[in-house]
There are 2 protein chains.
Amino acid sequence: MDSRGPDWDLYRSLLAVIETGSLSGAARRLGLAQPTVGRHIEALEASLGGLSLFTRSPGGLNPTEAALALKPHAEAMSAAAAALVRTAAGGADPERGVIRISASEIVGSEVLPAILAEFHREHPGVALELSPSNAVEDLLRRDVDIAVRMTPPTQAALTAKRIGSVRLQFYAHRSYLQARGEPRDLEDLAANHSLIGYDRVIPSIRTLDEIMGRTGLTIHRELFAYRTDSDLAQLAALRAGVGICACQPVIAARDPNLVPILNGQFQFELEMWVAMHEDLKASRRMRLMFDHLVAGLAEYVKESAR
Amino acid sequence: MDSRGPDWDLYRSLLAVIETGSLSGAARRLGLAQPTVGRHIEALEASLGGLSLFTRSPGGLNPTEAALALKPHAEAMSAAAAALVRTAAGGADPERGVIRISASEIVGSEVLPAILAEFHREHPGVALELSPSNAVEDLLRRDVDIAVRMTPPTQAALTAKRIGSVRLQFYAHRSYLQARGEPRDLEDLAANHSLIGYDRVIPSIRTLDEIMGRTGLTIHRELFAYRTDSDLAQLAALRAGVGICACQPVIAARDPNLVPILNGQFQFELEMWVAMHEDLKASRRMRLMFDHLVAGLAEYVKESAR
DNA sequence: GCGCCGCTATACATATCCGCATGGATAGCC
DNA sequence: GGCTATCCATGCGGATATGTATAGCGGCGC
């Protein structure tokens, strides 16, 4: 029932060596001595049936194909270990510990801060970590505890709650409209105006593409005059008057110089979800944050629907 | 960048103690001495900020709420470690090592053996493990390397390939038909015949339920005269003439005494998928098996479509 | 009530692993 | 060309963790 493999510590050293590229670097990161890490790798190679994991060179250790195949698994262990420590921090006390949250750049910087600030006032002992990213696998790999997503998380083993729909519509800065005029319709928009959009389209934005596709616009890089994959950079460009960009009404309303284009037609709807790994339901602190996010975002969505 | 937590070995001991319920049991499983495991737990509790993980008793150690919250994370580490060892087995040599495959009971025992036998003839050095189960989370948790599924795996971080549709229709054994006659239609079937079906409905069977729901049949336990959650037991019952049961044509055709009911009407279609964690694409052996399964199952589906 | 069997906790000898110090090798730079 | 800054490999003393042995405690069956 066991036939247990190598010590798990060896995997940690393996990962560190692959990532740092040298025994010395791994030793520094792990707080160990270089010979120790070297012996770990040696022991791991022996444990794994004489498998050769690195080609030693004076400049460092070069991972073999076999070692690279093992790396993702070691990363999974590392993520799980980190999640375990986060869960353990503060113990069963919901007023202490760490929570790590992932959200899109926009939500992470424009929507969450207010909501998280409120949570932090109520629970000052809980440390918060925010990871702005669009990667979906975060939750499965346990890189984060809770995620706010704009796509329905169809994953098993996930506790997910739908918040509602967030509108998205075209906005432009007054200064831009003064210089370029206001587009009459979609055709005019596409032909004679400067759109702000994506550079290399990110997978998780696909829903947006579909929606825009339905409106008759074909999405391709050349459609956009100002291209960046960062949502935040797009928002900044919109605020600077570079061009026209899709934006959430509540966020746009914060700048009185941003005005809706095309009479607010061509609204897109994005679903907003909060998701958490089921395993974390065992932690009172995580449940607290989950519920707080659901409530806070529901408020935001309600405001957005007005 | 690091602030590394406790030694990963401690997590392994933690998991073993939770699962066995005692230091001694964990020590036996891990091949360590009981005091060693005790010290591990002690060290872990200290590392985690004086967190209390167990209530010691003469009969064993009782995990606290905090320890139970950590368990899933430790399990994730364990699964990842096991997957790493499987990947490492045989090294980069695609002709050696281990592959662990998950499939439904039916597919695992009626369809895969022939396909896997062929693979095994070509690659006799590769050890194969088959885990018949309907749990979907296997791949994410890395409990298995490759899965054959009858539901579309909508998960990110998964390499999935759709094989095609597998028909499912009602069959009965000749002896049953002699005794009970042949049902004229669905109503007759539901009212006057013995159906073989599920006991406590398993989540992953839901697709089947939906399909059957479309046909007008309401699915509830009482509909079935012979109830078991094991697909294999259902098939065995069908072969023994217990009653009428949905079955794949290719499988039914192997027993000349099984005949289609209702003129082959009311066919259901199930999609067949092969899925693998993206991380495993780095392993040549896994890719080989993935491709072999795709080819072999495509052949099976083609045969089934005739 | 007695003995047996499971468990944990403690004490002590030992084997193991770790860190330190050193040597050798390569690459970049003045 | 020599200097320096990396890196890895090796040898050795010491700290650390492990295993063995034992004591103590509680439950269960006869």
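Keep in mind that what you see is a predicted model, and the values were worked out from it rather than measured. First the proteins, then the strands, lettered A, B, ... as listed; each starts at 1.
B/Leu10 places its CG atom 14 Å from the C1' atom of D/dT16, with the value rounded to the nearest Å. As rounded to whole Å, 13 Å separates atom P of D/dA17 from atom CG of A/Asp7. A/Glu42 places its CD atom 12 Å from the P atom of C/dC18, with the value rounded to the nearest Å. Atom CG in A/Leu44 sits roughly 14 Å away from atom P in C/dC17 (whole-Å rounding). Atom CG of B/Asn62 is separated from atom C1' of C/dC7 by 13 Å (rounded to the nearest Å). Per the geometry, CG belonging to B/Leu32 stands 14 Å off C1' belonging to C/dT16, to the nearest Å. Distance CG (B/Asp9) to P (C/dT16): 16 Å, rounded to an integer number of Å. One interatomic measurement links the two molecules: CG of A/Leu23 to P of D/dT10, which rounds to 12 Å at whole-angstrom precision.
From A/Thr64, atom OG1 reaches atom CZ of A/Phe54 across 7.5 Å, with rounding to the nearest 0.5 Å.
Among the nucleotides D/dT18, D/dC7, C/dT10, the one closest to the side chain of A/Ser22 is D/dC7.
At the phosphate of D/dA17, neither OP1 nor OP2 sits under 4.0 Å from any side-chain N or O atom of B/Thr36. Residue B/His40 has no polar side-chain atom (N or O) positioned under 4.0 Å from OP1 or OP2 of D/dA17. Between C/dA9 and B/Arg56, a contact under 4.0 Å exists linking OP1 or OP2 to a side-chain N or O.
Between A/Arg86 and A/Glu129 no salt bridge is recorded (no basic side-chain N to carboxylate O distance below 4.0 Å). For the pair A/Glu75 and A/Arg142, the salt-bridge criterion is not met [side-chain N within less than 4.0 Å of a carboxylate O].
A/Ser24 comes within contact range of the sugar-phosphate backbone alone, with a heavy-atom separation under 4.0 Å but no base atom that close.
Heavy-atom nearest nucleotides on DNA chain D were determined for A/Arg39 and for A/Leu61, and the one closer to the 5' end corresponds to A/Leu61. With DNA chain C read from its 5' end, the first of the two nearest nucleotides for A/Val37 and B/Gly25 is the one closest to B/Gly25.
Counting distance only, with no hydrogens placed and no angle test, the side-chain atoms of A/Gln34 and the base atoms of D/dA9 include a donor-acceptor pair under 3.5 Å.
Side-chain atoms of B/Thr159 and B/His277, non-hydrogen and from C-beta on, never get closer than 4.5 Å to each other.
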CA sep, side-chain torsions, deciding dist, call: A/Arg287, A/Glu278, salt bridge (charged side-chain N to carboxylate O under 4.0 Å, His left out): CA-CA 10 Å; A/Arg287 280 204 313 272; A/Glu278 273 194 345; over 6 Å; no

